[in-house]
Amino acid sequence: MSKRRFKVLRGLRDLLPEDVEKLKYVISVIREIFKLYGYQEIMTPTIEAFSLFEKKAGEELRHRMYKFIDMGGREVALRPEITPSVARFYINHMLSFQKPIRLGYIANCFRYDEPQYGRYREFWQGGFELIGSSNPEADVEILNIASTLMKRLGFSDYYIKLNHVGIIKGILNSEKVPEIVQNRILGLFDKTRYDEAIQLLKSENVTDECLNIIREVINLKGNNINQIIDSAEQYICKYSLAMEALLNLKEILSLLEKSELKIPILLDLGFARGLEYYTGIIFECFSSKNNRLALGGGGRYDTLIELFGGPPTPAVGYAPGIDRIILALNEEKIEIRTEKHRKTIVIPLSREFVPYAIKIASNLRGFDIPVEVEVMGRDLKKALSYANARNFDYAIIIGSTEVKEEKITLKDLNKGEQYKVSIEEAINMIKTSK
RNA sequence: GCCGCCGUAGCUCAGCCUGGAAGAGCGGCAGGCUGUGGACCUGUAGGUCGCGGGUUCAAAUCCCGCCGGCGGCCCCA
């Protein structure tokens with residue numbers, strides 16, 4: 001006992017039974033949505049080629065990957081997210097399938113961040129990827145899924161922060177700002193370091209007029225959506241690529257409106273995300289009561305599959321952060337429905353009845369009744385005390401009279417009553433109780 | 001990567017300021033005479049006081065470094 005003990009590594013954690021119950025609950029809600037929206041669940045490997053993630057991960061994430069050389073000399077990484085794996089998966093297995101393809105997943109991801117509130121080095125993500133459609137209804141479906149999940153989890157007050165990367169990228173493209181610099185600028189926006197971003201633009205010889213436009217555009221934010229779109233339109237009207245993006249955003253928002261989905265949107269044209277593969281809408285989900293953590297995020301990535309060697313294929317996706325959802329649910333005291341079933345313990349009164357106890361237990365399990373056998377050789381008093389502490393609902397007591405009469409004593413631990421009955425009667429009583 | 005607070009039994013913590021023989025509650029285990037649990041009683045195990053170094057006759061206690069936990073920045077899930 002005094003030996004130096006192993007501990008979990010920094011930022012990683014063991015999940016206790018109650019933690020697993022919570023995880024299972026959130027996963028079950030996500031899986032309901034897979035089913036309702038027709039997403040087929042897949043699994044991909046925890047480890048992939050480093051280059052798969054490296055390409056479009058963004059500066060931030062690239063440095064935070066668990067990366068190593070495997071025994072075959074390959075440069076590999078623990079997945080920091082799943083979208084690139086799904087893009088690869090699609091190319092490897094589903095090119096001949098009719099579109100659209102709807103794929104879902106539940107997976108653990110790894111990032112070498114400094115651990116803190118809501119941030120661990122291993123965390124759980126769910127995911128929805130809708131592949132094959134560039135139409136606004138695809139974007140709307142993904143936003144609707146994000147919203148439905150929040151609703152189904154019981155968040156009473158939540159919102160989705162939304163933007164379209166095409167707006168800023170469109171302006172920068174027209175100004176001939178190289179893509180590497182564009183990514184850096186969006187990265188700075190992401191960190192809300194707008195001043196530095198502007199400085200960087202200046203050094204790229206972007207005109208003052210354009211800088212002013214960008215300054216104005218990234219300040220547009222709120223839920224007065226039409227007003228924001230109108231203002232943006234006025235600022236960027238001469239940038240055709242940016243206008244195209246804005247119109248796309250407008251179309252998506254209008255479809256949201258007309259289909260009466262009532263999704264709370266916070267439009268924020270200065271909002272950016274760390275991943276570099278986004279080409280269209282980007283968004284993050286927040287609970288209003290605790291908006292320091294994004295509970296999920298996503299966006300459109302129309303060029304990623306092509307970049308990985310597939311045909312040009314538009315796609316849009318959303319990934320809820322399961323651990324953070326659990327944190328938020330706890331904090332807001334929203335009920336987490338954990339599975340509860342009635343438990344029965346079989347207690348042999350002495351060692352000679354152990355075989356009979358095992359037989360009875362096995363018999364009951366055959367009828368789908370969860371049963372544990374007392375295996376500590378405890379006397380009845382201790383065994384009942386244990387059963388009580390561990391919230392058993394029934395105890396089945398086996399002693400000489402029971403064996404002789406071919407019956408068992410069934411004790412209802414909640415009511416405190418007990419009956420001497422046949423096994424069939426016991427099964428019936430346990431099964432019909434609620 | 002940077003900053004702040006913390007680190008004593010399985011858990012929650014007291015003791016540390018003002019150095020001088022490791023404590024409590026909970027939990028665990030064992031009893032409380034024969035086959036009956038739930039806020040009962042008794043007993044008992046369990047600690048290189050995070051790790052390493054320094055100061056001192058003497059360090060859980062003072063000083064330094066490291067590690068770890070929590071949180072903040074940054075960023076994300």
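Reminder, nothing fancy here: chain letters follow the sequence lines and each chain counts from 1. Please read these numbers as outputs of a predicted model, since none were measured by experiment.
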Distance only, no hydrogens: is a donor on one side chain within 3.5 Å (strictly under) of an acceptor on the other, for [X] and [Y]?
X: A:Thr409; Y: A:Gln418; value: no
X: A:Glu276; Y: A:Tyr301; value: no
X: A:Arg215; Y: A:Asn219; value: no
X: A:Gln125; Y: A:Asp323; value: no
X: A:Ser51; Y: A:Glu54; value: no
X: A:Thr83; Y: A:Glu129; value: yes

Taking the [atom1] atom in each of [N] and [M], what is the distance between them to the nearest angstrom?
N: B:G20; M: B:C62; atom1: C1'; answer: 14 Å
N: B:G19; M: B:A59; atom1: P; answer: 13 Å
N: B:U12; M: B:C73; atom1: P; answer: 26 Å
N: B:G7; M: B:C51; atom1: P; answer: 13 Å
N: B:A60; M: B:C2; atom1: C1'; answer: 31 Å
N: B:U55; M: B:U61; atom1: C1'; answer: 13 Å
N: B:G50; M: B:G69; atom1: P; answer: 16 Å
N: B:C16; M: B:A58; atom1: C1'; answer: 16 Å

Given that both distances must come in under 3.5 Å, which nucleotide forms a Watson-Crick or G-U wobble pair with [N]?
N: B:A60; answer: none
N: B:C26; answer: B:G10
N: B:C40; answer: B:G32
N: B:G19; answer: none
N: B:G65; answer: B:C51
N: B:G71; answer: B:C3

Inset, instruction - Mind jotting down which residue pairs meet the ring pair (Phe, Tyr, Trp, His ring centres under 6.0 Å) criterion with at least one end in residues 11-47 of chain A? Sequence neighbours excluded, please. - result: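 The answer is A:Phe34-A:Phe128, A:Tyr39-A:Phe128.
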Inset, instruction - Measure from the side chain of A:Arg292, starting at C-beta and using heavy atoms only, and say which of B:G72, B:G35, B:G37 lies closest. - result: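 My answer, after comparing the listed nucleotides, is B:G72.
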Nucleotides 27-32 of chain B: which of its N/O atoms have a protein N/O under 3.5 Å away?
{"unit_1": "B:C29", "atom_1": "OP1", "unit_2": "A:Arg378", "atom_2": "NH1", "d": "3.4"}

Inset, instruction - Mind running a 4.0 Å heavy-atom check of residues 108-123 of chain A against RNA chain B and sending the residues that fall below it, in number order? - result: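 Of all residues in residues 108-123 of chain A, the ones placing a heavy atom under 4.0 Å from RNA chain B are A:Arg111, A:Asp113, A:Glu114, A:Gln116, A:Tyr117, A:Gly118, A:Arg119, A:Tyr120, A:Phe123.
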Legend entry - Of residues 282-290 of chain A, the positions that come close to RNA chain B - non-hydrogen atoms, cut-off under 4.0 Å: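 Per residue number, the list reads A:Glu284.
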Taking any heavy-atom pair under 4.0 Å as a contact, classify [X]: base, sugar-phosphate, or nothing.
X: A:Ser350; value: nothing
X: A:Ile322; value: nothing
X: A:Gly11; value: sugar-phosphate
X: A:Glu81; value: nothing

Just the atom pairs and distances: protein N or O near nucleotides 5-8 of chain B's N or O, under 3.5 Å.
none

For atom [atom1] of [X] and atom [atom2] of [N], their distance in whole Å:
X: A:Leu410; N: B:G37; atom1: CG; atom2: P; result: 17 Å
X: A:Phe392; N: B:U36; atom1: CZ; atom2: C1'; result: 16 Å
X: A:Leu384; N: B:C40; atom1: CG; atom2: C1'; result: 17 Å
X: A:His63; N: B:C74; atom1: NE2; atom2: P; result: 18 Å
X: A:Glu417; N: B:G38; atom1: CD; atom2: P; result: 18 Å
X: A:Leu12; N: B:G68; atom1: CG; atom2: C1'; result: 13 Å
X: A:Leu293; N: B:G71; atom1: CG; atom2: C1'; result: 12 Å
X: A:Leu380; N: B:G35; atom1: CG; atom2: C1'; result: 5 Å

Legend entry - Within 45° cone and under 6.0 Å: A:Arg292 NZ/CZ vs A:Tyr117 ring: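 Yes, A:Arg292 sits over the ring of A:Tyr117.
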Legend entry - A:Phe123 six-ring centre to A:Arg324 NZ/CZ under 6.0 Å and within 45° of normal: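 Verdict for A:Phe123: no cation-pi partner in A:Arg324.
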Legend entry - Listed partners of A:Asn414 passing side-chain hydrogen bond (donor to acceptor under 3.5 Å, both in side chains), at least two apart: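 If we apply the side-chain hydrogen bond (donor to acceptor under 3.5 Å, both in side chains) test to A:Asn414, skipping adjacent residues, the hits are A:Asp393.
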Legend entry - Residue met sooner reading RNA chain B from 5', once A:Lys415 and A:Gly297 are mapped to nucleotides: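 Counting from the 5' end, the first nearest nucleotide belongs to A:Lys415.
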Looking at [X] and [Y], would you say the former's side chain and the latter's main chain have a donor-acceptor pair under 3.5 Å?
X: A:Ser385; Y: A:Lys381; value: no
X: A:Ser203; Y: A:Leu200; value: yes
X: A:Glu216; Y: A:Ile213; value: no

Inset, instruction - Starting from the C-alpha separation in whole Å, work towards a yes-or-no answer on side-chain contact (heavy atoms from CB on, under 4.5 Å) for A:Ile82 and A:Val86. - result: CA-CA 6 Å; A:Ile82 312 292; A:Val86 175; 3.8 Å; yes
Inset, instruction - Could you go through the side-chain contact (heavy atoms from CB on, under 4.5 Å) check for A:Asp139 and A:Leu256 one step at a time? - result: CA-CA 9 Å; A:Asp139 302 85; A:Leu256 273 178; over 6 Å; no
Inset, instruction - Please evaluate the base of B:G37 for a donor-acceptor partner in the side chain of A:Gln418 within a cut-off of under 3.5 Å? - result: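 Looking at the base of B:G37, it does not pair with any donor or acceptor on the side chain of A:Gln418 (distance under 3.5 Å).
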Legend entry - B:G69 OP1/OP2 closer than 4.0 Å to side-chain N/O of A:Arg10: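 Checking B:G69 against A:Arg10, a side-chain N or O does come within under 4.0 Å of OP1 or OP2.
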Legend entry - A:Tyr318 side, atom OH; A:Ser147 side, atom OG - distance, nearest 0.5 Å: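 OG of A:Ser147 is found 9.0 Å from OH of A:Tyr318.
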Legend entry - Criterion side-chain contact (heavy atoms from CB on, under 4.5 Å) on A:Tyr394 and A:Lys343, from CA distance to verdict: CA-CA 6 Å; A:Tyr394 293 101; A:Lys343 296 194 302 176; over 6 Å; no
